[in-house]
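Heavy atoms only: backbone and side chains are in, while hydrogens, waters and symmetry mates are out. Please read these numbers as outputs of a predicted model, since none were measured by experiment.
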Amino acid sequence: MLRTDLPRQARELVTELGERAVVCDMYDLTGSAVYHDVAGTDTHEVRELITLVRRVPGPVLDLAAGSGRLTLPLLALGRQVTAVDLSEGMLALLAARLEESPARLRERCTLVRADMRTFTSPRRFAVIVLGTSSISLLDADGRAALYGTVREHLAPGGRFVLSTVELDAVDGHEVEVPFVGVSGTSYRFFERWDPGAGRRVVAICPAEPLDGPVTVATSTVAVVPADRLEAELAQAGLAVLSRHALGDAGARHRDILLEAEVSQ
């Protein structure tokens, strides 16, 4: 059944494709390959996040690690990295990338398939990272559970570094953005944001579909403003130490990087 909440142009495309359209979640075994191809060309926030991590020596916990967009740069710092993701497809992509990496990186990485809200480990981490605005994948109860997990796993003096996205309040705003993936494939990225619902719906598909099945990867993510996150973190016993606005201040998307520690 066609998702009625997809951006209008994405719905029209799926209707046009008919039975050729394979509509899937962006993080399942099918959609993760599309996400990996598109995200692999995006270095947004990586430099700023790595700069913050570099200041705190010790092992790193990379939550919602995906196919390794942050994991590999973290390993390049010389750190021990535990990469956690719930998606089997994403972890398989990360494992394949590690197999192609130098042994000195591969040997310092531990992959764990787990829900970041309930992840447990006897280890404590100097830094816990949640990048790529992945906090938006969780509802309020999920975020509360995550903060408890973070508190439990931060070493004394440790840091929690996370990013979120803020959007201009344009009711029902829809955009289409072209992307070229790592593979050289051209994609159409559709996004619809309904401020009243506090969420955005995205869809990604090839710009020039070939004969046969056409993957349309979709996801629904919350829009969680930085002010709300900062208040939630404080209530959970995590104090925000710094707040960094990333990218073009005039753009519709404004990514914010937060750095927090356990309150004393």
With the side chain counted from C-beta on, respond yes when Leu77 and Val60 share a heavy-atom pair under 4.5 Å apart, and no when they do not.
no
From Glu191 CD over to Ser219 OG, what is the distance, rounded to the nearest 0.5 angstrom?
11.0 Å
Could you walk me through whether Val127 and Leu74 pass side chain to side chain contact (heavy atoms under 4.5 Å, CB included), step by step?
CA-CA 11 Å; Val127 185; Leu74 290 167; over 6 Å; no
Please check this pair: side chain of Thr149 against backbone of Arg117, looking for a donor-acceptor N/O pair closer than 3.5 Å.
yes
Summary of side-chain hydrogen bond (donor to acceptor under 3.5 Å, both in side chains) pairs that have at least one residue in residues 121-139, sequence neighbours excluded
Arg69-Thr132
Going by heavy atoms in the side chains, are Leu162 and Leu233 under 4.5 Å from each other?
yes
Is any side-chain heavy atom of Leu98 closer than 4.5 Å to one of Leu111?
yes
Measure the CG-CG distance between Leu86 and Asp115 for me, rounded to the nearest 0.5 Å.
5.5 Å
Shortest non-hydrogen separation from Gly68 to Pro73 and the atoms involved:
O-CD, 4.0 Å
Can you name the residues that form a side chain to side chain contact (heavy atoms under 4.5 Å, CB included) with Thr220, not counting sequence neighbours?
Arg3, Asp5, Arg199, Val201
Spacing of CD belonging to Glu48 relative to CG belonging to Leu246, to within rounding of 0.5 Å:
5.0 Å
Does anything in residues 57-67 pair up under salt bridge (charged side-chain N to carboxylate O under 4.0 Å, His left out), and if so which pairs, sequence neighbours excluded?
none
Backbone N or O of Val56 within a donor-acceptor pair of the Arg159 side chain at under 3.5 Å?
no
Is a side-chain donor or acceptor of Arg106 paired with a backbone partner of Ser101 at a separation under 3.5 angstrom?
yes
I'd like to know if Val182 and Ile204 are part of one continuous hydrophobic network [Ile/Leu/Val/Met/Phe/Trp/Tyr, side-chain heavy atoms within less than 4.5 Å].
no
Give the minimum heavy-atom separation between Met26 and Ala217, together with the two atoms involved.
CE-O, 3.7 Å
To the nearest 0.5 Å, atom CG of Leu91 lies from atom OG1 of Thr71 at 9.0 Å
Glu152: partners by salt bridge (charged side-chain N to carboxylate O under 4.0 Å, His left out), with sequence neighbours left out
none
For residues 77-88, which residue pairs qualify under salt bridge (charged side-chain N to carboxylate O under 4.0 Å, His left out), counting only residues two or more places apart or in two chains?
Glu88-Arg113
Non-hydrogen side-chain atoms of Asp25 and Tyr35 separated by less than 4.5 Å
no
Step by step, would you call Val38 with Phe189 a side chain to side chain contact (heavy atoms under 4.5 Å, CB included)?
CA-CA 10 Å; Val38 172; Phe189 177 94; 5.6 Å; no
Apply salt bridge (charged side-chain N to carboxylate O under 4.0 Å, His left out) to Arg97 and list each qualifying residue two or more places apart in sequence or on a separate chain.
none
Are Leu146 and Leu63 close enough that some pair of their side-chain heavy atoms sits under 4.5 Å apart?
yes
Criterion side chain to side chain contact (heavy atoms under 4.5 Å, CB included) on Tyr27 and Leu137, from CA distance to verdict
CA-CA 11 Å; Tyr27 304 103; Leu137 298 173; 4.0 Å; yes
Please confirm whether the backbone N or O of Leu93 pairs with a side-chain atom of Ser67, one donor and one acceptor, at under 3.5 Å?
no
Minimal heavy-atom distance between His244 and Leu52, with the atoms involved, is NE2-CD2, 3.9 Å
Grab the two heavy atoms, one from Ser32 and one from Leu29, that are nearest each other, plus how far apart they are.
OG-O, 3.4 Å
Closest non-hydrogen atom pair between Gly212 and Arg20, with its separation
O-NE, 2.9 Å
Can you list every pair that meets salt bridge (charged side-chain N to carboxylate O under 4.0 Å, His left out) and has a residue in residues 201-230, with sequence neighbours left out?
Asp227-Arg243, Glu230-Arg243
Could you check if a side-chain atom of Leu72 sits within less than 4.5 angstrom of a side-chain atom of Leu75, using non-hydrogen atoms only?
yes
Tell me whether Val202 is reachable from Val177 by hopping between hydrophobic residues (I, L, V, M, F, W, Y) whose side-chain heavy atoms are closer than 4.5 Å.
yes
Side chain proximity check, Leu238 to Val262, heavy atoms < 4.5 angstrom:
yes
Sorted by chain and number, sequence neighbours left out, side-chain hydrogen bond (donor to acceptor under 3.5 Å, both in side chains) with Asp28 holds for none
Using the rule given for side chain to side chain contact (heavy atoms under 4.5 Å, CB included), can you reason through Glu176 versus Gln9, listing the C-alpha separation, both sets of side-chain angles and the distance that settles it, and then say yes or no?
CA-CA 8 Å; Glu176 178 183 347; Gln9 289 178 296; 3.4 Å; yes
Residues two or more places apart in sequence or in another chain: which of them pass salt bridge (charged side-chain N to carboxylate O under 4.0 Å, His left out) with Arg143?
Glu232
Cluster check Val112, Leu130: I/L/V/M/F/W/Y, side chain < 4.5 angstrom:
yes
Should Leu13 and Val214 be regarded as members of a common hydrophobic cluster, given that ILVMFWY residues are connected when their side-chain heavy atoms come within less than 4.5 Å of each other, either directly or indirectly?
yes
Here the gap from Leu257 atom CG to Leu49 atom CG, rounded to the nearest 0.5 Å, amounts to 5.5 Å
Find the distance between OG (Ser242) and CG (Leu258) and round it off to the nearest 0.5 Å.
7.5 Å
Suppose we screen for ring-ring contact (aromatic ring centres under 6.0 Å, His included). Which residues come up paired with Tyr187, at least two apart in sequence or across chains?
none
Thr218 side chain to Cys24 backbone, donor-acceptor under 3.5 Å:
yes
I need the minimum non-hydrogen distance between Gly131 and Leu70, along with the two atoms involved.
CA-CD1, 3.7 Å
Does the side chain of Glu174 come within less than 4.5 Å of Phe190's, by heavy atoms?
no
Name all pairs fulfilling the ring pair (Phe, Tyr, Trp, His ring centres under 6.0 Å) condition that reach into residues 116-146, sequence neighbours left out, sorted by first residue then second.
Phe119-His153
Test side-chain hydrogen bond (donor to acceptor under 3.5 Å, both in side chains) applied to Ser183 - qualifying residues, sequence neighbours left out:
Asp37, Thr185
